[in-house]
Amino acid sequence: MIQRLLCTVLVAWPMLLCQAIAQSDTASMRHFQHEEVTVTGQKKHGGASSQQMSYAQIKPLAVSTVADAARLMNSVNIKDYGGIGGLRTVSVRGLGASHTLINYDGIQISNTQAGQVDISRFNFNDGQLIDLKIARAGYLATAREYASPATLSISSSAPEFRKGRREALSLVTRAGSFGFFGADAAYSRKISDTQSIRAEGEFTTANGEYPFTLTNYKTVTRERRINSDVLSYRGELNYYGDYRHSGLMLKAYAYQSHRGLPGSVVLYNKTANERLGDKNAFLQGSFRKNICENLTAKIYAKVNYSNSLYEDTNVKYADGKLTENSTQKELYASEVLRAAFPKIVNSITFSLDETHSTLESNIRNCPMPVRNMLQSALDICRNFGSSLSLNIIGVYTRVREQVETGNHFRDLDKWRPTVKLSYLPEGEWIPSISLAYKNTFRVPTFNELYYTSLGTTGLVPEQAQEFQLDLGWQFLEASVYRNYVKDKIVAIPTTYVWKMANYGKVEITGVDLAANKSVNLAFLMLHANAKYTYQKALNLNEKNPKLYGGQVPYTPLHSGSFSLVADACWITLGYSAIWSGKRYAAEYNIPDNEVDAYVEQSVSASMDFKIRNAEVSAKISCINLTDRQYDVIKYYPMPGRNWRLELVFKL
């Protein structure tokens, strides 16, 4: 398998690249075939199962990271473990974080060890776009995306240059409460009419020592969060090529962070001595080629290295300190071919992915697993007239695993189907309708299989089925869905230790509603966006009658968001509110496990102006305006009222 991966990267890429560059040198008139883009507007909706937010949309709001922006989306549940440096993972429609694919410029940010990606490390920068697709895949998608129940994509666009300029420079400075300070510098250069590069560097620091109220029965004290500091660095170098009938994007990425993990606050216990260091570096690229009028090919490739250093200082350890050092390496390649047959089936898309993943760790009894995964997807699209289309998709997954010692995960060969029927009418006043069924599963993570005495190599994949109906009309969107999860992987207690096991079923019934409207008044423009999610996620585990029919932990029955932007000629005001209903912190739905409902409100004011040749943007934000103390995860208090100032200079 490694030989095939290297063949794709080392042979196919240079051949296609040379052909593209040769074409670009002789082209005086260029024709571009752009990839499919979903535009937020008042027509041709994908329903609430396809959501998109651009930097321009969130710029006026008190939002700075991808995690902040995702909280404004339907059906998205961000698990935030508190603190400035706390981890943030994303789950969609109650399926769990391991079922959500996180893409960065078309290629997955993977974590084979834990199965979850911390999205707090991604700032939402100029030119970026985040796109959430549920039970559907994008244009020229990889097999990984077809195989995933939900995909959150972070996409960057090629640099933009002022008329007559071949260079661009932007400087961003951020400062705020709790010792927060960050800076970002990006330099772009146009190499030719078809090629450009962008180099970017960023660092962020904060002490995270915010105050909170600690209630211990009748005693109420004012405390400060500890071990919540963070220091991170990020660097990127990007190449963009838009040639005749083809496009190329290359990315070199490096990230490093050191952070404290703020612990739970129970009674008077505020002790937190856990530290986490992360290093991640990868090279990735994608190349698209329009071979002829009805045939398009795209290649993705990635080489990834990530290291995690976890430390916990505690007297319970023999040496007074626990150190776990884990390194993941991954080789990934994907080939996508899309052919159009207007008189037969309109289009056929075939995707083939190959992944080689390894884990090396000093964790006791770690068997050093090696995973080889092959995934393929076949998408057949048939149009019936100009409005009705049918997609029939089949996804095949093959997994082979090896370990140095002990047992390994059994060989896996599975087929899974997807069917999607869409009606997108021509008339402006006729609603669009989409029906979809998707059958997926997730392979157990390395931690679930091999982590010390917790892992269980006899696990079977956690399976999920999605049924959804999407409606879109004018400025309104709705989705009704029913999800089934079986063989859910959870940790359960045994005689002496906890063990991972396939345990129980979950049934999720939900409704997503979204509305957006813009009103142009005489002196200002108003943009309003409202979203509501009803999600009933029931534990149907018959093995434990006391838990049967209870709401799944950390899944609110009701949640939503609202944002309002008032854009005047010289100032822009933004308001946002994120609301979450009551949740339960454990499977037993009893009062002691309740996590209170909350509403977090934020406001911002921003201005754009010029200083000589520089375009300047200034924004001041007040986050959690009402100073509401709340927990996303029980016993992990979130920051109260805090301020953020951002200055952007573009030259």
Side-chain angles (χ1 to χ4, degrees), residues 61-65 67-91 94 119-120 176-178 180 206 208-217 219-228 261-270 272 531-535 537 551-563 575-586 589-604 621-644:
L61 302 175
V63 171
S64 59
T65 69
D68 296 334
R71 295 175 70 194
L72 297 171
M73 290 181 159
N74 277 120
S75 290
V76 173
N77 183 15
I78 302 292
K79 281 193 174 181
D80 193 324
Y81 291 85
I84 304 301
L87 302 178
R88 294 172 177 85
T89 60
V90 57
S91 172
I119 63 171
S120 66
S177 305
F178 320 130
F180 174 83
E209 296 180 358
Y210 56 87
F212 67 95
T213 300
L214 176 60
T215 302
N216 182 14
Y217 298 105
T219 303
V220 178
T221 59
R222 195 66 172 165
E223 309 289 345
R224 297 191 74 85
R225 203 72 163 111
I226 61 173
N227 202 44
S228 183
L261 299 179
S264 60
V265 179
V266 183
L267 302 180
Y268 289 114
N269 179 25
K270 300 177 295 178
K531 296 187 177 181
Y532 165 77
T533 294
Y534 168 85
Q535 194 172 108
Q551 185 81 348
V552 170
Y554 291 111
T555 304
L557 192 64
H558 305 282
S559 61
S561 67
F562 175 77
S563 65
Y575 168 82
S576 63
I578 297 170
W579 162 56
S580 176
K582 178 182 69 175
R583 295 94 67 216
Y584 292 96
N589 292 181
I590 58 177
D592 286 346
N593 290 332
E594 285 186 7
V595 182
D596 293 337
Y598 69 87
V599 178
E600 183 191 272
Q601 302 178 71
S602 302
V603 295
S604 63
S621 303
C622 180
I623 304 165
N624 196 355
L625 176 67
T626 61
D627 199 26
R628 171 65 185 273
Q629 181 171 314
Y630 66 95
D631 295 357
V632 175
I633 304 297
K634 193 174 180 66
Y635 304 125
Y636 287 80
M638 296 293 293
R641 183 187 301 114
N642 62 97
W643 298 85
R644 187 71 58 88

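- Glu223 pairs by the side-chain hydrogen bond (donor to acceptor under 3.5 Å, both in side chains) definition with Thr221, Lys270, not counting sequence neighbours.
- Of the inter-residue distances, the one linking Met73 atom CE with Lys531 atom NZ reads 6.0 Å to the nearest 0.5 angstrom.
- Listed for the Gln551 side chain is a donor-acceptor partner under 3.5 Å among the backbone atoms of Gln535.
- The line from CZ of Arg225 to CE of Met638 is 9.5 Å long, rounded to the nearest 0.5 Å.
- The line from CH2 of Trp643 to CG of Leu625 is 7.5 Å long, rounded to the nearest 0.5 Å.
- A donor-acceptor pair under 3.5 Å is absent between the side-chain atoms of Ser580 and the main chain of Ala597, judged by distance alone.
- Side-chain N or O atoms of Asn77 include one that pairs as donor or acceptor with a backbone N or O of Tyr554 at under 3.5 Å.
- In this structure a side-chain-to-backbone donor-acceptor pair under 3.5 Å is missing from Asn624 to Glu600.
- Using cut-offs of 30° and 60° for the angle between ring planes, the Tyr210 and Phe178 rings count as tilted.
- Using cut-offs of 30° and 60° on the angle between ring planes, the pair Phe562 and Tyr575 is tilted.
- Between the side chains of Arg222 and Thr213, at least one donor-acceptor pair of N or O atoms lies under 3.5 Å.
- Between the side chain of Asp627 and the main chain of Arg641, a donor-acceptor pair closer than 3.5 Å is present.
- Judged by distance alone, the side chains of Asn74 and Thr533 do bring a donor and an acceptor atom under 3.5 Å apart.
- Put simply, SG on Cys622 and CG on Asn642 are 7.0 Å apart, with the number rounded to the nearest 0.5 Å.
- With rounding to the nearest 0.5 angstrom, the CG atom of Asp592 is 7.5 Å from the NZ atom of Lys634.
- At least one donor-acceptor pair closer than 3.5 Å links the side chain of Arg224 to the backbone N or O of Glu209.
- Between His558 and Tyr534, the ring-plane angle classifies as tilted under the 30° and 60° cut-offs.
- Formation of a donor-acceptor pair under 3.5 Å by the Ser561 side chain with backbone atoms of Leu72 is found in this model.
- In this structure, Arg583 contributes its side chain and Thr555 its backbone to no donor-acceptor pair below 3.5 Å.
- Residue Asp68 holds its CG atom at 10.5 Å from CG of Leu61, rounded to the nearest 0.5 Å.
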